[in-house]
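Right, one structure below, let's go through it.
Sequential numbering from 1 along the given sequence is applied to the chain's residues.
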Amino acid sequence: MNRSRRRWLQSAALAALGAAVPTLALARPKARVIVIGAGYGGATCAKTLRALSPQVDVLLIDARARWCTGPFTNLAVTGLASVEHITRSTEDIGRAHGVRTRVETVTAIDPVAMTVTLAGGERLKADRIVVSPGIGMRWGAIEGLTAELSGAMPHAWTGDAQVQALRDRIDALPDGATVLIAAPPNPYRCPPGPYERASLIAERLLTTGRKRCKILIADAKDDFTKRPLFLAEWDERYGGMIEWISRSKGGEVVRVDPATGEVWLRDQAASIGTHLASVVPPQQAAAIAGAAGLADESGWCPVHPQTFESTRHAGIHVIGDATIASPMPKSAFAANSQAKLCAAAIAAALDGRAAPDARMINTCYSLVAHDAAISVSGFYSAASGRIAIVSEGLSPLSPPDGLRQREAAQAHDWYESISTDSFGRARH
């Protein structure tokens with residue numbers, strides 16, 4: 001999908017949302033909305049609700065004072081961006097958007113009493129609660145892999161210290177090293193992430209003279225987003241350095257030994273020795289969502305697509321990676337778009353109006369080299385109680401001259417734009 005088409009989709013979605021959300025009456029009684037999680041979903045929801053309903057008391061809570069964004073993590077771990085460049089601050093978000101913030105751990109949500117309990121025991125009452133907690137790892141799904149031991153096989157998937165740790169490990173790899181990236185089963189945060197990571201690690205190794213290295217992608221799936229595009233780019237740019245092992249070929253990781261770096265694949269008796277294993281575990285909604293009864297047996301949170309209100313508890317909304325929102329991916333842009341719709345729906349409900357029509361968008365860029373990218377885009381609506389695809393676009397398999405380079409430039413522009421939209425201007 002070309003850039004003008006993406007801009008048209010975004011303009012159309014925002015125009016539809018704006019038309020459905022008139023300026024709210026100043027006479028509305030004061031209400032409190034608590035937003036849990038200051039990522040792309042939560043920060044955007046708090047900002048948008050504050051703008052639509054300035055008289056509403058909006059409180060944004062996150063346990064993290066600072067963290068790394070999911071987008072561009074792969075650039076940070078391969079030296080194409082600094083870790084500081086992708087780091088954001090909860091307090092800075094509050095200052096940028098005029099929203100009250102607290103850096104606290106939420107230990108409980110009572111969906112009946114509509115209260116949020118903090119680690120110190122304080123209970124906060126709300127009229128609406130928005131839960132944007134992100135993902136949790138399904139520890140135990142891979143034998144030998146625990147939260148305590150995962151640092152030895154860093155996934156760098158949740159914006160913590162593993163980002164810098166993985167960067168250090170990549171920098172220290174010798175020529176001839178074996179790198180294994182374990183890609184989890186669907187659904188999970190950032191579907192193209194493992195494959196972008198393999199691309200950028202391969203480029204990093206080649207450009208630093210480590211040409212005899214091998215990168216294995218051990219996959220728990222038989223397909224992945226943008227697969228033909230990735231495979232073509234790997235073949236052209238990296239020769240045989242990257243090998244994708246599908247689930248049907250025995251690619252699923254079932255056991256690891258973090259102490260030795262060994263990895264066992266399904267139905268294979270012998271282990272694979274690695275110099276670096278980046279094992280991305282199977283995922284589910286973050287623990288607070290499950291504890292609050294917002295997740296179903298799948299581990300994810302079902303929602304009404306028109307409002308992103310939980311189907312299990314009225315008055316609680318869940319947005320971003322924790323939701324069941326297929327066919328929308330679990331991506332930053334999807335979370336940002338869902339957050340705006342959710343904020344508009346809450347503002348309408350507090351004002352006694354009907355929720356606006358659901359119009360959402362997503363664009364996902366994947367860098368296959370520092371100066372080349374591929375992308376997928378989608379425009380979504382709600383139909384018959386489900387999210388439906390209105391239109392989609394994908395980078396062409398045989399691109400015209402310069403397209404991959406232009407998409408790489410667009411990827412950087414996109415990152416700065418959406419990060420500023422969600423978090424305000426970064427202060428490094």
Side-chain angles (χ1 to χ4, degrees), residues 13-14 17-18 20-21 24 31-64 67 69-70 88 90-102 106 109 111 114 116 124 126-135 285-286 288-289 292 294 301 303-310 313 315-323 325 328 330-351 355-356 358-362 380 382 387 418-424:
L14 294 177
L17 182 59
V21 186
L24 303 180
R32 167 178 276 190
V33 177
I34 296 177
V35 182
I36 300 169
Y40 284 96
T44 304
C45 187
K47 164 199 169 178
T48 306
L49 186 57
R50 178 68 175 159
L52 293 174
S53 302
Q55 72 275 31
V56 172
D57 178 19
V58 181
L59 174 63
L60 179 64
I61 305 175
D62 200 300
R64 306 164 300 175
W67 72 94
T69 62
R88 295 296 183 271
T90 298
E91 292 182 351
D92 285 350
I93 292 168
R95 282 189 285 266
H97 298 325
V99 173
R100 291 195 304 121
T101 61
R102 292 186 66 168
V106 173
I109 301 168
M114 292 295 289
V116 169
L124 306 176
D127 295 281
R128 295 269 172 160
I129 300 172
V130 179
V131 184
S132 186
I135 58 167
I288 188 64
L294 298 169
C301 303
V303 295
H304 296 288
Q306 193 74 28
T307 61
F308 279 77
E309 187 173 10
S310 169
H313 294 291
I316 310 289
H317 300 253
V318 188
I319 56 176
D321 296 336
T323 64
M328 293 190 80
K330 297 184 184 300
S331 72
F333 205 159
N336 175 279
S337 187
Q338 292 165 12
K340 291 175 179 176
L341 177 65
C342 178
I346 292 173
L350 293 175
D351 198 39
R359 298 288 187 269
M360 294 169 287
I361 53 177
N362 177 68
Y380 307 88
I387 295 174
I418 195 170
S419 296
T420 300
D421 181 53
S422 294
F423 307 131

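Put simply, CG on Leu294 and OG on Ser310 are 5.0 Å apart, with the number rounded to the nearest 0.5 Å. Note that CD1 of Ile361 is 5.0 Å distant from OG of Ser337, once rounded to the nearest 0.5 Å. Of the inter-residue distances, the one linking Ile36 atom CD1 with Ile109 atom CD1 reads 3.5 Å to the nearest 0.5 angstrom. The NZ atom of Lys340 sits 11.5 Å away from the CD1 atom of Ile319 when rounded to the nearest 0.5 Å. Thr44 contributes atom OG1, which lies 6.5 Å from atom NZ of Lys47 (distance to the nearest 0.5 angstrom). The CZ atom of Arg32 sits 6.0 Å away from atom CG of Leu59, with the distance rounded to the nearest 0.5 Å.
Side-chain contact between Ile316 and Met114 is present, with at least one heavy-atom pair separated by less than 4.5 Å. Residues Val33 and Leu350 meet the side-chain proximity criterion, which asks for heavy atoms closer than 4.5 Å. Contact of the Ile387 side chain with the Met360 side chain is registered, since non-hydrogen atoms from C-beta on lie closer than 4.5 Å. His97 is not listed as a side-chain neighbour of Arg50, based on a closest heavy-atom distance of 4.5 Å or more.
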Steps toward side chain to side chain contact (heavy atoms under 4.5 Å, CB included) verdict (Val131, His313): CA-CA 12 Å; Val131 184; His313 294 291; over 6 Å; no
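Annotation for Ala349 and Arg128: closest pair CB-NH2, 3.5 Å, computed over non-hydrogen atoms. Of all the heavy atoms in Ala339 and Gly41, the pair that sits closest is CB-O, 3.1 Å. Taking all atoms of both residues into account, the shortest heavy-atom contact from Ala358 to Pro305 is CB-O, 3.9 Å. For the pair Ala31 and Asp127, the tightest heavy-atom approach, listed with the atom from each and the gap, is CA-OD2, 3.4 Å. When all heavy atoms of Ala345 and Ala355 are compared, the closest pair comes out as CB-CB, 4.2 Å. In this structure, Ser331 and Asn362 approach most closely via the heavy-atom pair OG-OD1, 2.5 Å.
Ion pairing between Lys330 and Asp321 fails under the 4.0 Å rule for side-chain N and carboxylate O.
Asp62 and Thr90 share no donor-acceptor pair across their side chains, judged by distance under 3.5 Å alone.
Across Ile61, Val58, Leu60, Asp57, a single residue satisfies side chain to side chain contact (heavy atoms under 4.5 Å, CB included) together with Arg100, and that is Asp57. A side chain to side chain contact (heavy atoms under 4.5 Å, CB included) with Phe308 holds for exactly one of Ile346, Val130, Leu341; it is Leu341.
By the 30° and 60° cut-offs, the orientation of the rings of Tyr40 relative to Phe423 is tilted.
Proximity of a side-chain donor or acceptor of His317 to a complementary backbone N or O of Thr307 within less than 3.5 Å is detected. The main-chain N or O of His304 is never found under 3.5 Å from a side-chain atom of Glu309 such that the two would form a donor-acceptor pair.
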